[in-house]
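One structure is given here, and the rest of the page talks about it.
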Number of protein chains: 2
Amino acid sequence: MRKVVSSGQPTIKEIAKRLNISVSTVSRALHDHHSIGLRTKARVKALAEELNYERNQTAVYFQQGKTFTIGILLPELSEAFFSSAISGIEDTAYSNNYTVLLGQSHDDEAREKQIIQSMKQHRVDGCIVSIGKNTRNYDHFEMLRQARIPVVFFDRVPDLHDIHAVSCNLESGTIQAVDFLLKKGHRVIGMINGPEQLVASKERATGYIKALRKHRLKYDPELIVNADLTAAGTDAAMEYLLSLKRKVTAVVTFNDYVAMDAVQYALKRKLEINKDITFVSYANTPVSGYTAFPPAASVEQFPYEQGQAATNMLLSLLNGEHPLNDYTNTIMESRLVIHDR
Amino acid sequence: MRKVVSSGQPTIKEIAKRLNISVSTVSRALHDHHSIGLRTKARVKALAEELNYERNQTAVYFQQGKTFTIGILLPELSEAFFSSAISGIEDTAYSNNYTVLLGQSHDDEAREKQIIQSMKQHRVDGCIVSIGKNTRNYDHFEMLRQARIPVVFFDRVPDLHDIHAVSCNLESGTIQAVDFLLKKGHRVIGMINGPEQLVASKERATGYIKALRKHRLKYDPELIVNADLTAAGTDAAMEYLLSLKRKVTAVVTFNDYVAMDAVQYALKRKLEINKDITFVSYANTPVSGYTAFPPAASVEQFPYEQGQAATNMLLSLLNGEHPLNDYTNTIMESRLVIHDR
DNA sequence: GGGCTTTACGCAAACGCTTGCGCGGATAAC
DNA sequence: GTTATCCGCGCAAGCGTTTGCGTAAAGCCC
C-alpha cells in the first residue's frame, strides 16, 4: 500500500488500541460526552496526555466541512491603515477561535481573483475583503456567494447593494473637515480625491458639497480632482489646483500619505504651510504627528475598529445569528481630529 | 445517518457517476495522469468545467498530510517593519503556491504559545517567527521541532544555536553608524538599546564597541542603556543619558520610533536637533523622511527582503532541498542610509 | 421476576481524495 | 500462433475524525 509518512503524531486509533476500546469511545471521551463513563474518560485523557496526543484538525475540518478560518484580502499589507485593520481582525478572530488566512492584491485585479480562488479552495468559512482600487469586475465575489461563502467588505467597498459591508461614513467626516476650514476663513478649498469608482471617493465629494451648501456657498467642480494616490499623481493634482485662477488656500487630501506628498510639493513651490496653504486629511496616521508639517486636521477612520466590526459581522453570519441574505452596511462614524488650531 | 450539509459543490464522485467511470479515473484524469486515455480525459475535464468542479483542498490536505500553508507569528502587525516583512513573506509564499496563516503575539509570551499551538493544530507545513521581546522560554518552539514542523526565525531571533534564522547583521550597520558620527566629530555617543535578551541588542552593542575600538577610543559602558522601546522607556533613557557628566552629543537609538520619541524628549529639553544633539537610528522607516527631524542617518534592515529570504529558506526546508537539522543563519547585511550630511 | 429505563460502550458509515495493484484487451515481437 | 508488452481503466484501502444507531449489562419499579 501507499507509503504512510508517519508524522509520529498519535491518533485516537492508537489510543483506542492501547486501551482496548473503540475509537468512537475515545473520541467521545475526549469531548466529554455524557455517555462515557467517568473511569474510561479518565483513562483516555490520561493516555492522551501521556502520548502528547493532539487532534488532527485537518481531519476535523475535512469531516465537518468547516475550517474555522477566515480569509483576509487587502490591497497592501504594509499600508498603515490596513495593518491596523488586520490587527483588529486578527484579534477578534483569535478570541473567537478562528484563524486568519492572508492575501494581498497589490491593487491588481487578476491577483485579487487568484487569491479569492485560492481561499475558496482552502474552504475558508468566510472572507473579509477590501477591494483593490482598480477592481471593476466582481465575478470572483459572485463565485463566493454561489459557494455560500459569506463575505464582508470593509473600507474599500464595491458599489453594490447586495453585500455585507463595514465602512466609515466619510461624508460626515468630510463635512466636519470642510466646516473646520471654512471657520478658519478659507473660501477656496481644493480636494484631492481618490479614484472615482471608490465609494469612499463619492462620499468625500458629497460631503464636500454638502458642507459648502450648509454655508450657502457655491460649489465649483473645478476644485475637486481625482488622483491615483501615487506621489506623481499627487504632484500633478497639486500642480493643477495651484494653476487655477481662484487661489486655493486649503486642500483636503485623500489620506495622510497624499497629504505628505502634497506638502512636499507645496514646499517645492515655496509655499508656507498653514499660511499660504493649509491641509486637511484623512486617516489620522500616528506618524503624521511626528512630521514637520502634519495636516491641520485629519479625519480618523478607526481602522482597528473597522476590522473588529467586520470580523464580528462575519462571525455572526457564520454562526447563523444573522441571515446570509440580509445585507447590512454597518457604518461607523468618522471623526475629525484637529491637530493645529 | 448523519445529516450531510450539502455545500452544493460537486465532487469527483459525482463526475464519476455521471460519466459511468470510477472515481480513480476521474482523479487521474484531472491530474493528467499518463495512464488515462485522451478521450476520457477530455470528457472528464469537460464535465468538470461544466459542473464548476473545484477540488476540495481540505480533503487533499488531510489525505496528503500537507497543507501548503505556512504560519507567521509576529509581535505586532501594525509595526511598519513587520508589515513590510509580511508583505515579503506573503509575496514569495504566494508565488510558490503557499498560503499564509497569521498571528500576532503582541509581545505576550502566553499568547505566543497559544498561537503556535493553534498553528500546530492547523498542521501548517512550517512557520516563520519573530519572537516577542519578552519571550524567554522556548518550549513551544521545541514542540514544533518534535512535531517535525520546521521553523525559520527572522529579525527577532532567539539566542540559540540550533535554529534556522534570517537576520540582519546589525553589527556592521552599527559600525557604519558610529563611524558616521565619529567622522562628524562626535566623541560622546550614547546608545538607547533594546531589551538585553534580544540578539539584535547584543549585536548593536558589540558593533558600537568595535567601532570605537577601530578608532582607538575607549568604551564607556555608561553610555549604553537598555530600554523597553516604549515612549516612557525612551524618555527615561534620554533623561539618563543627558544627566551624565560627559556631555552626550549624539545618540544611536534602537529604531526610528524610538528616535522620534527621543527627538520629542530632546525638544522638550530645549535641545536643538542636529546641533546640540544628533540622532542615528535603525529601520529607515519611510515616514521618517517626512518628519520634522528625521535621524541624521538610519540603518536599513531590509524587512521585505528578510521576509523573502526567510520564506525561501522555509520553502527549501519543506522541499527537502535543505536538511532539517542543518541549521543555518542567513545574515543579510544592513546598510547605513544617510539623510543629513 | 418480568418489563422498563438508563448507562456505557462498539459498529460502521461517511467526509473527498489519492494511489498501489490487478486485470482484461489490444498491440507488438518472435 | 504464442508470448511478452503496454495501454486504459476499476477496485479498494486508507488518511483521522465524528456520530447515528444498535445493544449488552445494570438498575429500577411494581
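Note: hydrogens, waters and symmetry copies are ignored here, and every other heavy atom, side chains too, is used. Chain letters run A, B, ... following the sequence lines, proteins first, then strands; residues in each count from 1.
In this structure, A:F62 places its CZ atom 12 Å from C1' of D:dT18, rounding to the nearest Å. Atom pair B:K17:NZ and C:dG16:P shows a separation of 11 Å (rounding to whole Å applied). The NZ-P distance, from A:K41 to C:dT7, rounds to 12 Å in whole Å. Summarising the geometry, the separation between CD1 on B:I21 and P on D:dA12 is reported as 17 Å, rounded to the nearest angstrom. To the nearest angstrom, P of D:dC15 lies 12 Å from CD of A:E14. Protein atom CD1 of B:I15 is 14 Å distant from nucleotide atom P of D:dG10, rounded to whole Å. Rounded to whole Å, the distance from NE2 on A:H33 to C1' on C:dT7 is 12 Å. In this structure, NZ of A:K66 is placed 20 Å from C1' of C:dG16, rounded to the nearest angstrom.
A salt bridge links A:E90 with B:R111: at least one charged nitrogen is closer than 4.0 Å to a carboxylate oxygen. For A:E14 and A:R18, the salt-bridge test passes: some basic side-chain N is under 4.0 Å from an acidic carboxylate O.
Phosphate proximity of C:dA14 to B:K13: absent, as no side-chain N or O sits under 4.0 Å from OP1 or OP2. Between B:H31 and the phosphate of C:dT18, there is a side-chain N or O to OP1/OP2 separation shorter than 4.0 Å. Remark: B:S22 is in phosphate contact with D:dG10, judged by side-chain N or O atoms under 4.0 Å from OP1 or OP2.
Residues A:Q104 and B:Y94 have side chains that never bring a donor and an acceptor to within less than 3.5 angstrom of each other. Residues B:T99 and A:H122 bring a donor and an acceptor atom of their side chains to less than 3.5 Å of each other.
A cation-pi arrangement is absent between B:R123 and A:Y61 under the rule of less than 6.0 angstrom and at most 45 degrees off the ring axis.
For A:S35, the side-chain atoms get nearest to C:dC9 when compared with the rest of D:dG10, C:dC9, D:dT17. Side-chain proximity of B:I12 to the nucleotides D:dT19, C:dT18, D:dT17 is greatest for C:dT18.
At a cut-off of 3.5 angstrom, the base of C:dG20 holds at least one donor-acceptor pair with the side chain of B:R28. No hydrogens or angles were tested; on distance alone, a donor-acceptor pair under 3.5 Å links the side chain of A:S24 to the base of C:dC11. Contact of B:R39 with D:dG8 (side chain to base): no donor-acceptor pair of N or O atoms is detected under 3.5 Å.
Heavy atoms of A:T40 sit under 4.0 angstrom from primed sugar atoms or phosphate atoms, though from no base atom. Residue contacts shown for B:R55 are limited to sugar-phosphate atoms, with no base heavy atom under 4.0 Å away. Within 4.0 Å of B:Y61, counting heavy atoms only, lies no atom of the nucleic acid at all. As judged by a 4.0 angstrom heavy-atom cut-off over every strand, A:S27 is placed among the base-contacting residues.
Inter-residue side-chain proximity for B:L160 and B:F153 is flagged as unmet; no heavy-atom pair is nearer than 4.5 Å.
Nucleotides of DNA chain D nearest to A:N56 and B:G37 differ in position, and the one nearer the 5' end is that of B:G37.
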